[in-house]
Amino acid sequence: MKYSVDKNGFFGKFGGAYVPEILYKCVTDLQQAYLPIIESEDFQKEYMQLLRDYVGRPSPLYYAKRMSDRYGCQLYLKREDLNHTGAHKINNTVGQILMAKKMGKTRIIAETGAGQHGVATATVCALMDMECEIFMGATDVERQHTNVERMKMLGAKVHPVRTGNMTLSDACSEAIRDWCCHPENTFYIVGSTMGPHPYPDIVAKMQSIISKELKGQLQEKIGRDYPDYLIACVGGGSNAAGTIYHYIDDERVKIVLAEAAGHGIDTDYTAATIHCGSEGIIHGARSLVMQTEDGQIKEAFTISAGLDYPGIGPMHADLAEKGREQVLAITDDEAIYAGYELTRTEGIIPAIESAHAIAALRKMKFKKDDVVVLTVSGRGDKDVETYLSNKKMAKEYGEF
Ligand SMILES: *Cc1c(COP(=O)(O)O)cnc(C)c1O
């Protein structure tokens, strides 16, 4: 593979490891350890076995006939919503906890926004009998109560974070602070392709199973191992990174990502970092950041708690800037509509995050035989209330 992180942890001018002195050793230890661990036969065997028997992989690649007819293309859905715990997040937490064990760590910490990464982390901690502490903004603790209960039931301790806007960005800062206090025994399981090097590369590699499976599944279904388009939603960028990983160098494949515009990119209520951000440092990496003129990080706004982040993984900042990725901004209303559309057309209720990717279809022009692969990053059970309280967006589907 040609495209990759450089030895200092940069994707073009984005990435790197901007951490406080006290974490320097932790981060350099991890930088030296992660590739040998991931490439070892031992790790691969255990990881692949858990992905198969515990997560339920490979996730199906489903030909969505009715949606294909609607959009005049050949649409295939990569069903990450069918994984254990309901999203792609578990691919990454299974891998990172194995890595933590191999490095002799005994305590796990993680940040979470919507709670999906918190649940996926608490799940693998229960599985591996590890101590688990989750940092979550106090606002999100209230908004995402069911996921908090799930984490507690799994045995995790949930810390409500009351600094800043009390959302994901503040939870990340608090997790980093905790890591500073316990660098010896603690492994920080980062939930997306963000944070200091090597995290963006670790998470992309853990999620790359998505595109690895796509190659075999496409070969079997259409007789070639690549699609014309790949589509995914992007918050920090992990399901998107996994979806494109093995196709980045393949120029035959067009990449389209959907970021959350909230009320719109020309308002203050948005989470569309690639459209609205500028260069800065966020949570240990140089990337695009939504910030004020004097460098204060702005609060992100979107209906989708999983995309509610004022930064973006450095790999996507780079690929978007180089034009390798086309990035569309999808508003709350467009995502709600698309969520209903997939539900009524295919009988699949997508996570509101994934609905942003579905909404991208409407903004694109296809030829009839274009093969389009769209990753459904998670299932929408957690979002039913949000969908129902916004049903006016989908009034063509009648009263319900
Ligand atoms: C967390 C989450 C996302 C956003 O995270 P990425 O790292 O950008 O993939 C998207 N979809 C679902 C279902 C999620 O839980």
Side-chain angles (χ1 to χ4, degrees), residues 59 77-93 96 110-121 123 136 140 144 146-147 150 167-169 171-172 189-195 199-200 202-211 230-245 257-260 271-274 283 285 287-288 300 302-317 319-320 325 327 330 335 338-339 342 348-360 374-383 386:
S59 65
L77 302 177
K78 183 61 170 159
R79 300 289 309 276
E80 294 302 302
D81 58 315
L82 294 178
N83 294 337
H84 180 42
T85 69
H88 65 291
K89 296 276 186 348
I90 190 100
N91 302 327
N92 171 49
T93 57
Q96 283 197 50
E111 85 295 339
T112 196
Q116 294 297 103
H117 176 57
V119 168
T121 302
T123 298
M136 186 170 186
D140 291 332
Q144 308 291 329
T146 349
N147 276 341
R150 287 167 84 194
T167 57
L168 176 60
S169 183
C172 291
I189 297 190
V190 172
S192 190
T193 42
M194 43 158 286
Y199 279 109
I202 290 178
V203 178
K205 283 188 160 63
M206 298 305 177
Q207 294 292 356
S208 69
I209 185 70
I210 299 173
S211 49
L230 287 170
I231 305 178
C233 67
V234 59
S238 70
N239 86 88
T243 301
I244 70 173
Y245 194 86
L257 302 186
E259 63 175 356
T273 308
I274 298 175
H283 299 124
S287 191
L288 295 173
T302 151
I303 198 164
S304 148
L307 303 178
D308 204 353
Y309 186 60
I312 174 76
M315 173 180 146
H316 296 297
L319 289 172
E325 293 174 346
V327 182
I330 304 297
L342 188 70
I348 297 170
I349 303 178
I352 187 80
E353 293 83 7
S354 320
H356 286 72
I358 310 283
L374 185 153
T375 295
V376 180
S377 54
R379 64 176 182 231
D381 307 36
K382 67 183 176 61
D383 300 314
T386 308

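Order of appearance sets the numbers: ligands from 1, and atoms from 1 within every ligand. Given the structure is predicted, the values throughout are model-derived calculations rather than measurements.
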Notebook entry, point to check: Out of I210, N239, L374, V376, which one pairs with K78 under the side chain to side chain contact (heavy atoms under 4.5 Å, CB included) rule?
Noted result: I210

Check: Looking only at heavy atoms, is any part of H88 under 4.0 Å from ligand 1, and if so is it the side chain, the backbone, or both, or is it neither?
Finding: side chain

Next item on the list: Do me a favour and list the nearest non-hydrogen protein atom to atom 4 (C) of ligand 1 with residue, atom name and distance?
Entry: G306 O, 3.3 Å

Margin query: Pairs of nitrogen or oxygen atoms closer than 3.5 Å, one from S192 and one from ligand 1: do any exist?
Written below: yes

Check: Where do E353 and L307 come nearest, in terms of heavy atoms and distance?
Finding: CG-CG, 3.7 Å

Check: Step by step, would you call T112 with D140 a side chain to side chain contact (heavy atoms under 4.5 Å, CB included)?
Finding: CA-CA 9 Å; T112 196; D140 291 332; over 6 Å; no

Next item on the list: Looking only at distances, please establish whether an N/O atom of ligand 1 is found under 3.5 Å from an N/O atom of G236.
Entry: yes

Notebook entry, point to check: Would the number of heavy atoms belonging to other residues, nucleotides or ligands and lying under 6.0 Å from CD1 of I274 be above 12?
Noted result: yes

Notebook entry, point to check: Under 3.5 Å, is there a donor-acceptor pair between the Y199 and H283 side chains?
Noted result: no

Next item on the list: Test T146 against K382 for side chain to side chain contact (heavy atoms under 4.5 Å, CB included), laying out the working first.
Entry: CA-CA 8 Å; T146 349; K382 67 183 176 61; over 6 Å; no

Note to self: So, regarding T193 and ligand 1 (criterion: nitrogen or oxygen to nitrogen or oxygen, under 3.5 Å), is there a contact or not?
What the structure shows: no

Next item on the list: Report, in ascending order of atom number, the atoms of ligand 1 lying under 4.0 Å from any heavy atom of G378.
Entry: 13 (C)

Notebook entry, point to check: Can you tell me which residue and heavy atom of the protein come closest to atom 6 (P) of ligand 1, and the distance to 0.1 Å?
Noted result: S238 N, 3.3 Å

Check: For ligand 1, which atoms sit closer than 4.0 Å to a heavy atom of Q116?
Finding: 15 (O)

Checklist line | Enumerated ligand 1 atoms positioned under 4.0 Å from heavy atoms of A351 | finding: 13 (C)

Note to self: Students should be able to answer this: which protein heavy-atom is nearest to atom 1 (C) of ligand 1, and at what distance?
What the structure shows: K89 NZ, 1.4 Å

Item checked: Min heavy-atom dist A114 to ligand 1 below 4.0 Å -> no

Notebook entry, point to check: Less than 4.5 Å apart, any side-chain heavy atom of H88 and any of T243?
Noted result: no

Next item on the list: State the atoms of ligand 1, each with its element, that fall below the 4.0 Å cut-off from a heavy-atom position in C233.
Entry: 10 (C)

Next item on the list: Please determine, by modelled atom types, if T121 and T93 share a side-chain donor-acceptor pair under 3.5 angstrom.
Entry: no

Notebook entry, point to check: Hey, looking at atom 12 (C) of ligand 1, which of G237, A240, S377 has the closest heavy atom?
Noted result: S377

Check: Is the closest N or O pair between G235 and ligand 1 shorter than 3.5 Å?
Finding: yes

Margin query: What I want to check is whether the side chains of Q207 and N92 have a donor and an acceptor closer together than 3.5 Å.
Written below: no

